[in-house]
Asker: 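Shown below is the structure under consideration.
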Amino acid sequence: MLEPVEKIFEKKYLTKEDIINLLNTSGKERLSLFQKAKDVKSSILGKKVYFRGLIEYSNYCKKNCYYCGIRAGNSRYSRYRMTDDEVLEAVKYAYINEYASIVIQSGEQTNKAFISKIESLLRRIHQRTGGNIHVTLSLGEQTEETYLRWFDAGAHRYLLRIEVSNPGLYLKLHPNNQLHGYNRRLDALASLRKTGYQVGTGVMIGLPFQTVSDLADDLIFFRQLDIDMAGMGPYIEHVDTPLYKYRDELLPLKNRFELSLKMVAILRIMMQNINIAATTAMQTIDPQGREKALMVGANVIMPNLTPVKYRQDYLLYENKPCLDEEAEECKSCLEARIHMAGDEIGYGEWGDSKHYSNRTL
Ligand code: 5AD
Ligand code: SF4
Ligand code: FES
C-alpha cells in the first residue's frame with residue numbers, strides 16, 4: 001500500500017522510496033503531485049518564466065555518445081560552425097528583445113582554436129552588450145583551466161548533463177573508453193562548481209535499460225550535488241545512432257513524456273529555488289509539452305536563436321520542433337504559450353537561480 005502523497009509532501013526530505021512512489025502515482029494522486037509542484041513554484045518563485053536564447057554554435061563533436069544524432073560517427077550531417085557575425089547577430093536579437101540571457105551550446109570540442117574562439121566571443125559579447133547579457137555555456141567536458149578562462153571572459157553559468165547518474169547505465173550508453181568515462185563527467189561538474197559557475201545538470205528520461213529506481217537516484221544525485229539549474233527531457237530515439245536498435249523495447253513516447261513531467265514536478269518539490277527548464281524535447285512529444293512543464297514547476301524556456309539554415313544539422317534527436325521558425329516566430333509562439341500556462345515572461349531580468357544567490361551569500 002502506497003503512502004498517501006499528502007503525507008509525503010509534509011516531509012522536508014524525500015527518501016528514494018517517496019520519490020519512487022511519486023513517480024508511480026496515477027489518478028488523483030498524480031494530480032495532487034502536479035498541484036503541489038505548481039504551488040511550490042508560485043510561492044517560492046512567483047509567475048516569472050525566463051528566456052534563454054539558444055545558440056547552437058557548432059555541431060562538430062569529438063564524442064560518440066550512443067544516443068545522440070550529432071555524434072562524431074554520424075556522417076549524415078554536414079558539420080558547421082557559426083561565424084562570429086552570426087553569433088553576434090543572434091546576441092543582438094536577444095539584447096533588443098530583452099532576453100537578458102543566452103546559452104551557447106555545441107558538440108564537444110577541446111582544441112586550442114575552439115577554446116580561444118569561445119573566449120574571444122565571450123569578450124565581444126560582454127563588450128557589445130555592456131555586460132547586460134548573461135551567458136550560459138553548454139560546451140561539454142573541458143579542463144578546469146578552460147572553464148576558468150571562459151569564466152574570466154564573462155560566462156557565469158554552465159550546463160553539463162550527467163545524462164544518467166547510474167555509472168553502470170552510463171557505461172552502456174557510451175563507448176567504453178576514457179574519453180567517455182563517467183568519472184570524467186563527475187570531475188568536470190566538480191571543476192565547474194569550484195570555478196564559481198552556476199551549475200546546471202540533467203538527465204534523459206525513458207532511455208533503454210533505465211528503471212524508475214534509476215530516475216529516483218537521478219533526482220537524489222541532483223540534491224547531493226546541490227545544483228543550481230536542471231534540464232531534463234525525454235529520450236527520443238534517432239535512426240543514425242547505435243541505441244536505435246532498442247527502439248522496440250522503449251516505453252511508449254506518451255509514457256516517457258509523463259515520466260518527464262513527474263520528474264520536473266518532484267524536483268521542484270525537492271529543490272524549490274533552483275531553475276528548471278521546460279525543454280524542447282518535451283515539445284517534441286507533445287505539442288503543449290513545454291507549457292505542461294511550466295505548469296508543474298519549470299521556470300526557464302529556451303527559444304532557439306540559431307540561424308534556420310543550420311537547424312537541420314543540429315538534430316540531437318528526431319522530430320525536433322522549430323526547424324523552420326525564425327527567432328521572431330518562436331518568440332511570439334512562446335509568449336502565447338507561456339501566457340496560456342498562466343505565467344509571465346521576465347523580460348530584461350537575468351533570472352539567476354535563486355538557489356545560487358542563496359548559497360553564495
Ligand atoms: N534524445 C533526447 N535528448 C538527447 N540529447 C542527446 N541525444 C538525445 C536524444 N536522442 C540531449 C543530451 C545532451 C543534450 C545536449 O541533448 O542530454 O546533454
Ligand atoms: Fe557530442 Fe554531446 Fe552528442 Fe555526446 S551528447 S555526441 S558529447 S553533442
Ligand atoms: Fe518555435 Fe513555437 S517555439 S515555433
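Each ligand, and each atom within it, is numbered from 1 in the order the structure gives. We number each residue from 1, following the sequence as shown.
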Asker: Run the salt-bridge test on R124 and E119 with the 4.0 Å N-O cut-off and return the result as yes or no.
Answerer: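 No salt bridge links R124 with E119.
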Asker: From the options I274, D218, I19, select the one residue that forms a side-chain contact (heavy atoms from CB on, under 4.5 Å) with L267.
Answerer: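 Single side-chain contact (heavy atoms from CB on, under 4.5 Å) partner of L267 among I274, D218, I19: I274.
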Asker: Is K194 atom NZ crowded by more than 12 heavy atoms from other residues, nucleotides or ligands, each under 6.0 Å away?
Answerer: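 No.
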Asker: Could you go through the ring-ring contact (aromatic ring centres under 6.0 Å, His included) check for F151 and Y197 one step at a time?
Answerer: CA-CA 7 Å; F151 189 84; Y197 284 90; 5.1 Å; yes
Asker: Using salt bridge (Lys or Arg N to Asp or Glu O under 4.0 Å) as the criterion, point out the one residue from R290, R337, K41 that pairs with D343.
Answerer: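 That would be K41; it is the only one of R290, R337, K41 passing the salt bridge (Lys or Arg N to Asp or Glu O under 4.0 Å) with D343.
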Asker: Mind checking how many protein N/O/S atoms fall short of 2.8 Å from atom 4 (Fe) of ligand 2?
Answerer: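 The number of such protein atoms is 1.
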Asker: Report the nearest protein non-hydrogen atom to atom 3 (S) of ligand 3: residue, atom name, distance rounded to 0.1 Å.
Answerer: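 Here the nearest protein heavy atom works out to R290 NH2, 3.1 Å.
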Asker: Tell me how many protein N, O or S atoms are closer than 2.8 Å to atom 1 (Fe) of ligand 3.
Answerer: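 Under the 2.8 Å cut-off, the count stands at 2.
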Asker: Can you pull the residues with any heavy atom under 4.0 Å from ligand 1?
Answerer: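 Around ligand 1, where the cutoff is 4.0 Å for heavy atoms, the contacting residues are Y67, C68, Q105, R161, E163, M204, P234, Y235, I236, L316, Y317.
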Asker: May I have the step-by-step check of ring-ring contact (aromatic ring centres under 6.0 Å, His included) for Y50 and Y99, ending in yes or no?
Answerer: CA-CA 8 Å; Y50 301 102; Y99 282 12; over 10 Å; no
Asker: Looking at V300, L334, I338, which one forms a side-chain contact (heavy atoms from CB on, under 4.5 Å) with V49?
Answerer: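 Per the side-chain contact (heavy atoms from CB on, under 4.5 Å) rule, the option paired with V49 is I338, out of V300, L334, I338.
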Asker: Do Y170 and H180 pass the ring-ring contact (aromatic ring centres under 6.0 Å, His included) test, and can you show the C-alpha distance, the side-chain angles, and the key distance before you say yes or no?
Answerer: CA-CA 9 Å; Y170 194 94; H180 293 84; 8.7 Å; no
Asker: Stepwise, does the side-chain hydrogen bond (donor to acceptor under 3.5 Å, both in side chains) test hold for K62 with T110?
Answerer: CA-CA 8 Å; K62 66 185 220 187; T110 50; 2.6 Å; yes
Asker: For atom 2 (Fe) of ligand 2, is some protein heavy-atom partner under 4.0 Å away?
Answerer: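 Protein heavy atoms within 4.0 Å of atom 2 (Fe) of ligand 2 - there are none.
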Asker: Check whether any side-chain heavy atom of K331 sits under 4.5 Å from a side-chain heavy atom of Y93, and report yes or no.
Answerer: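 A side-chain contact under 4.5 Å exists here.
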Asker: Give a yes or no on whether a salt bridge exists between R256 and E237, defined as a side-chain N under 4.0 angstrom from a carboxylate O.
Answerer: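 A salt bridge links R256 with E237.
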Asker: So that I can tick it off, tell me whether E258 and K254 are bridged by a salt bridge, with the cut-off set at under 4.0 angstrom between side-chain N and carboxylate O.
Answerer: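 No, K254 and E258 are not salt-bridged.
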Asker: If you link ILVMFWY side chains whenever their heavy atoms are less than 4.5 Å apart, which other residues fall into the same cluster as Y244? By chain and number, please.
Answerer: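 Noted: Y244 shares its cluster with V239.
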Asker: Check K63 with E108, please: is the shortest side-chain N to carboxylate O separation under 4.0 Å?
Answerer: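 So E108 pairs with K63 through a salt bridge.
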